[in-house]
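Residue numbers start at 1 and run along the sequence shown.
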Amino acid sequence: MDIRMETVPPAQRKAKPDEKSLGFGRIFTDHMFVMAYTADRGWHDPHIRPYGHFSLDPAAMVLHYGQAIFEGLKAYRGEDNGIRLFRPQANLERMNRSATRMCMPTLPLDTALAGLQVLLKVDSDWVPRAQGATLYIRPTMVATEAGLGVRPAKEYLFFIILSPVGAYYPEGFNPVKIFVTDTYVRAVAGGVGEAKTAGNYAASIMAAVEAQKQGFTQVLWLDARERRYVEEVGTMNIFFVLGDRVVTPPLSGSILPGITRESVLQLLGDWGLAVEERPITIDEVLAANQRGELREVFGTGTAAVISPVGSLHYKGQDCLINGGKTGELAQRLFNELTAIQYGRKADPHQWVLRL
Ligand code: COI
């Protein structure tokens, strides 16, 4: 499919922000990629247009029944000034799995990837130069058909927006304080927990707000049935270093199949470390910490990258991990992943797509 271009005249483009104080997801670039779907025409009219408002019917089905899915990936500017994407095909493939789960149409992957690349070329000046800053990419699909019957919509919009970002957490790469909730649950087996759908994030907000009021960065979710097994943290998957083994919960259907998670598992395997994807209870984690065997806890995610966990708060008790300091393995993984993403190191798994 040809991509139609409607660009902003250079003199009318926005001023670039100060890269030292970007925050996360507050500033958007000059353009976006948009493609429409109708049941009779399929996906059509892929185009680049100025970033701006959509006009939506108040009965648009996304506003009522939440058919909305999204992805998150990043573009990195290397020291050679080259722009690199990290595993964009994996993100788009995951988006199609989310689409299938939410009864939404799957994307033509070649057009979606071409649209992303054209968009990045048009807005390439927005890929930050400052260390630690990246261009966050948010592909999104929503149901636009007007109607109040509960059924799959027949019309959708797919769009990609871009946002220059700094660290996701105010802590940056410093250890975060996590609240383990046994009051709320995020997802149940058989539900939509493994789809990257908006409702999963809406469902998480109340627990996150309550945790933040008490001074915690994010919530760690336990399984919905027994409230014993660790699932994931608000915006990241979670790993535990127990003695010389690295343990992470398996993809049981209720947690997000993270692309950073998968990349970390690959790197740990490359380094010859013992990795276990298996159910792990919060009691096992805390008991190991008491015995001095819990060496590190860290989260993984596109926005969060590798985020060391300094403490877990569970049932009124604070459990300090690794003295509240960043662990060796979290640091090594952060260094390795970012070196590959910025093109400072070889990319043995062909994860990087150069623009
Ligand atoms: C990401 O890591 O890209 C995510 O999608 C998390 C986001 C909700 C901030």
Side-chain angles (χ1 to χ4, degrees), residues 1-6 28 31-73 85 87-120 122 136-163 187 190-203 251 253-259 262 302 353:
M1 273 187 269
D2 281 346
I3 298 173
R4 186 165 59 80
M5 302 292 289
E6 187 193 329
F28 298 94
H31 298 92
M32 58 188 182
F33 173 76
V34 182
M35 177 162 65
Y37 176 93
T38 52
D40 53 339
R41 293 179 64 191
W43 287 108
H44 59 274
D45 194 22
H47 61 282
I48 299 288
R49 53 165 269 197
Y51 183 95
H53 293 181
F54 292 122
S55 157
L56 270 189
D57 192 293
M61 287 166 80
V62 65
L63 302 177
H64 301 271
Y65 306 126
Q67 271 184 302
I69 57 175
F70 67 92
E71 275 300 322
L73 65 157
L85 288 166
R87 306 190 69 184
Q89 296 93 335
N91 281 93
L92 293 172
E93 281 161 14
R94 183 174 66 182
M95 189 158 200
N96 272 351
R97 294 198 297 278
S98 300
T100 301
R101 179 63 183 83
M102 301 305 289
C103 293
M104 299 166 82
T106 54
L107 291 164
L109 294 181
D110 47 351
T111 309
L113 187 58
L116 170 58
Q117 288 172 285
V118 174
L119 176 63
L120 282 169
V122 177
Y136 186 75
I137 302 166
R138 175 53 64 87
T140 309
M141 191 198 300
V142 295
T144 51
E145 183 192 347
L148 296 183
V150 181
R151 57 166 173 78
K154 295 194 179 77
E155 294 167 17
Y156 295 86
L157 212 54
F158 170 69
F159 54 91
I160 307 176
I161 54 175
L162 306 174
S163 173
V192 296
E194 68 182 344
K196 207 161 171 65
T197 185
N200 284 332
Y201 295 82
L251 299 181
S254 56
I255 73 173
L256 191 82
I259 289 155
E262 191 185 85
T302 297
L353 181 70

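P105 approaches A99 most closely through the heavy-atom pair O-CB, 3.7 Å. Residues Q67 and A153 come closest through the heavy atom pair OE1-N, 3.2 Å. Minimum heavy-atom separation, G72 to T302: O-OG1, 3.3 Å. The shortest non-hydrogen separation linking G193 to A187 is CA-CB, 3.5 Å. Contact record, A68 with M104: N-CE, 4.0 Å, taken as the closest heavy-atom pair.
By the 4.5 Å heavy-atom criterion applied to side chains, P139 and L116 are not counted as neighbours. Residues I259 and N91 form a side-chain contact, since some pair of their non-hydrogen atoms from C-beta on lies under 4.5 Å apart. Side-chain contact between V142 and L56: absent, with no pair of heavy atoms (C-beta onward) separated by less than 4.5 Å.
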List the steps and the verdict of side-chain contact (heavy atoms from CB on, under 4.5 Å) for L73 and R87.
CA-CA 8 Å; L73 65 157; R87 306 190 69 184; over 6 Å; no
Could you check Q89 against L113 for side-chain contact (heavy atoms from CB on, under 4.5 Å), going step by step and ending with a plain yes or no?
CA-CA 7 Å; Q89 296 93 335; L113 187 58; 4.0 Å; yes
Going through the checks in order, is the side-chain contact (heavy atoms from CB on, under 4.5 Å) test met by T111 and W43?
CA-CA 10 Å; T111 309; W43 287 108; over 6 Å; no
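Listed by first and then second residue, the side chain to side chain donor-acceptor pair (under 3.5 Å) pairs involving residues 93-108 are E71-R94 (not counting sequence neighbours). For residues 138-155, the side chain to side chain donor-acceptor pair (under 3.5 Å) pairs, not counting sequence neighbours, are Y136-R138, E145-R151.
Taken to the nearest 0.5 Å, the CG atom of L251 stands 8.5 Å off from the CG atom of L256. The CD1 atom of I160 sits 8.0 Å away from atom CG of L120, with the distance rounded to the nearest 0.5 Å.
Residues forming a side chain to side chain donor-acceptor pair (under 3.5 Å) with D40 (at least two apart in sequence, or on another chain): T38. Listed by chain and residue number, Y37 satisfy the ring-ring contact (aromatic ring centres under 6.0 Å, His included) test with Y156 (two or more places apart in sequence, or in another chain). In this structure, the side chain to side chain contact (heavy atoms under 4.5 Å, CB included) partners of T197, at least two apart in sequence or on a different chain, are I69, M102, V192, A195, N200. Legend: residues meeting side chain to side chain contact (heavy atoms under 4.5 Å, CB included) with R4, ordered by chain and number and at least two apart, are E6, D45, H47. Scanning for side chain to side chain contact (heavy atoms under 4.5 Å, CB included) contacts around F54 gives M32, V34, R49, L157, F159, with sequence neighbours left out. Taking I3 as the reference, M5, F33, P46, I48, A114, V118 meet the side chain to side chain contact (heavy atoms under 4.5 Å, CB included) condition, with sequence neighbours excluded. With sequence neighbours excluded, no residue forms a side chain to side chain donor-acceptor pair (under 3.5 Å) with Y51.
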Donor-acceptor pairs under 3.5 angstrom involving side-chain atoms of residues 57-66: please list them, not counting sequence neighbours.
| from | atom 1 | to | atom 2 | distance (Å) |
| --- | --- | --- | --- | --- |
| D57 | OD1 | A59 | N | 2.8 |
| H64 | NE2 | P58 | O | 2.7 |
| Y65 | OH | L148 | O | 2.7 |

